[in-house]
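Contents: one structure, followed by commentary.
Protein chains get the first letters and strands the later ones, always in sequence-line order, with residue 1 at the start of each.
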2 protein chains.
Amino acid sequence: MVLQGDDAAARPRLGRAPSTTHADLSHTALRLFMERGFDATTVDEIAREAGIGRRTFFRYFPSKNDVPWGDFDRLLDGMRDHLASMPDDLPLMEQLRRSILEFNRVPESEVEYHRRRMELLLHVPTLLAHSTLRYASWRQVVAEHVGRRLGLPHGDLIPQTMAWTCLGVCLAGYEQWLGDADADLLELLDEAFRLIDERIGTEAIQAHRGSHASRSARG
Amino acid sequence: MVLQGDDAAARPRLGRAPSTTHADLSHTALRLFMERGFDATTVDEIAREAGIGRRTFFRYFPSKNDVPWGDFDRLLDGMRDHLASMPDDLPLMEQLRRSILEFNRVPESEVEYHRRRMELLLHVPTLLAHSTLRYASWRQVVAEHVGRRLGLPHGDLIPQTMAWTCLGVCLAGYEQWLGDADADLLELLDEAFRLIDERIGTEAIQAHRGSHASRSARG
DNA sequence: GATACTAATGACACCCGGTGCCGTTAGGAA
DNA sequence: TTCCTAACGGCACCGGGTGTCATTAGTATC
């Protein structure tokens with residue numbers, strides 16, 4: 001969950017130059033969220049504080065809810081690629097563990113910032129609800145990999161349930177992390193996955209493959 | 001997921017009589033949602049159609065998003081009680097399976113109605129997001145039972161992850177159900193739980209009990 | 001340096017969900 | 001009838017989000 005990348009790296013081409021960046025806006029907004037609370041911070045306030053118009057705010061972020069998320073889609077693409085590049089002889093859960101850990105790696109300098117963002121995302125009801133849509137995309141990526149690996153449609157029960165379980169492991173791990181100021185996120189997640197792994201044997205799942213007519217559902 | 005119960009059964013006591021019921025309002029609204037789509041249906045339209053004031057609508061439902069949910073909290077209380085009443089000698093997953101199935105039982109006459117509601121809840125992004133808050137309560141009930149049963153804080157990794165997994169099984173099952181007009185929901189969920197059960201052995205989990213310092217997180 | 005082109009900006013009006021407030025209405029009880 | 005009470009409905013208001021459009025600030029061209 002690294003922050004959104006190089007806004008500035010893009011070459012100045014044509015037309016009026018943008019008056020701010022995603023990163024700047026995001027930092028300003030997050031600061032206000034921390035000071036006054038998420039719901040109590042209005043978009044007008046964020047815009048004023050950032051020195052832009054309210055209308056402009058919505059050209060940087062589709063909604064106030066999206067601010068704490070950064071460029072999630074790009075990260076997700078990264079995880080998809082990472083999963084696809086996993087050697088075939090690795091057990092499924094091991095592939096998932098490695099890729100998901102990688103997905104959650106964040107530069108040392110941004111750990112505290114990350115902690116504050118996740119605190120918001122997991123504890124503010126509005127954001128908790130909104131996050132569901134992101135989680136759905138994330139689960140989709142996991143389910144597709146599991147499906148591919150097991151030769152099942154990604155809409156089938158096993159891939160879907162494994163995706164939910166992985167999400168649960170991550171979020172439970174995040175909660176532990178947020179509750180312990182000294183904890184290391186990746187260590188926690190790693191431990192969590194190893195603990196769960198022992199209970200979700202890939203072999204057993206594969207034994208079941210084909211034993212049921214595979215109904216497919218939309219992912 | 002039986003619908004909200006007897007609005008009318010309450011004795012008329014004092015003051016002006018209510019001009020409608022949760023059930024009536026709910027049916028009117030659901031019909032409009034089906035006809036025009038959820039987002040395209042405004043609260044004003046629902047109120048007008050139901051013959052009440054817009055302001056009154058919000059006295060029956062805290063938000064438009066809550067309409068398709070009915071009286072979820074009451075159902076949840078039922079599940080909590082059902083779980084608590086389970087014989088101790090039953091394996092954990094068996095207790096969960098039974099209670100969750102019971103939670104999802106719906107009278108034959110309401111099956112089609114239930115299907116339409118779930119179609120909305122699972123496929124309309126706005127509702128999908130909002131539902132997260134309900135799912136959180138549901139997971140809480142599951143996690144508390146698992147925690148009690150395993151002698152772990154409900155915030156610990158195992159109860160939390162099991163709750164997520166159960167939720168995943170249910171929602172994956174619902175997706176299968178929605179994708180197959182002839183399917184029977186309870187049969188599907190039953191099959192799903194039995195399939196997953198074999199992979200989440202309670203004994204193995206119990207073997208791990210206490211092997212880690214139990215960090216607790218808020219549920 | 002003037003001009004043309006382009007892209008971001010900001011102001012405005014508007015829609016919708018949701019809330020606080022308050023006077024009104026419709027029932028039972030005295 | 002009168003009193004009490006709970007539900008009702010209208011109104012004003014807030015905040016998030018969108019469509020529209022004139023304006024601004026850059027680059028490229030002459």
Discussion item. Using a heavy-atom cut-off of 4.0 Å across all strands, would you classify Thr126(B) as base, sugar-phosphate, or nothing?
Written reply: nothing
Result block: side-chain N/O donor-acceptor pairs under 3.5 angstrom for residues 55-63 of chain A, not counting sequence neighbours:
residue, atom, partner, partner atom, Å
Tyr60(A), OH, Thr20(A), N, 3.4
Tyr60(A), OH, Thr20(A), O, 3.1
Ser63(A), OG, Asn65(A), N, 3.2
Ser63(A), OG, Asp66(A), N, 3.4
Ser63(A), OG, Asp66(A), OD2, 2.9

Item to complete: Measure from CZ on Phe61(B) to P on dT19(C) and round the result to the nearest Å.
Response: 15 Å
Worksheet item: How close or far is atom C1' of dG17(D) from atom CG of Asp39(B), stated in whole angstroms?
Response: 13 Å
Fill in: d(CG, Asn65(A); C1', dG16(D)) in whole Å
9 Å
Worksheet entry | Between C1' of dG9(D) and CZ of Arg48(B), the distance in whole Å | 15 Å
Fill in: Rounded interatomic separation in angstrom, taking CZ from Phe58(A) and C1' from dG19(D)
13 Å
Worksheet item: If the sugar-phosphate is the primed atoms plus P, OP1 and OP2 and the base is the rest, what is the B/S/- string for nucleotides 8-15 of chain C, using protein heavy atoms under 4.0 Å?
Response: BBBB----
Worksheet item: How long is the line joining CZ of Phe57(B) and P of dG18(C), in whole Å?
Response: 8 Å
Worksheet entry | Partner set under salt bridge (Lys or Arg N to Asp or Glu O under 4.0 Å) for Asp44(A), not counting sequence neighbours | Arg54(A)
Worksheet item: Can you check the Leu32(A) CG to dG16(D) P distance for me, whole Å?
Response: 12 Å
Item to complete: Round to the nearest Å and state the distance from Lys64(B) atom NZ to dG16(D) atom P.
Response: 18 Å
Discussion item. Is the ring pair Tyr174(B)/His114(B) parallel, tilted or perpendicular, if the boundaries are 30 and 60 degrees?
Written reply: perpendicular
Response to the item:
Residue set satisfying salt bridge (Lys or Arg N to Asp or Glu O under 4.0 Å) with Arg139(A), at least two apart, ordered chain then number -> none
Practice prompt. Kindly write out the residues that satisfy salt bridge (Lys or Arg N to Asp or Glu O under 4.0 Å) with Arg48(B), not counting sequence neighbours, or none if the list is empty.
Written response: none
Item to complete: Please name all residues satisfying salt bridge (Lys or Arg N to Asp or Glu O under 4.0 Å) with Glu112(B), sequence neighbours left out, ordered by chain then number.
Response: Arg115(B)
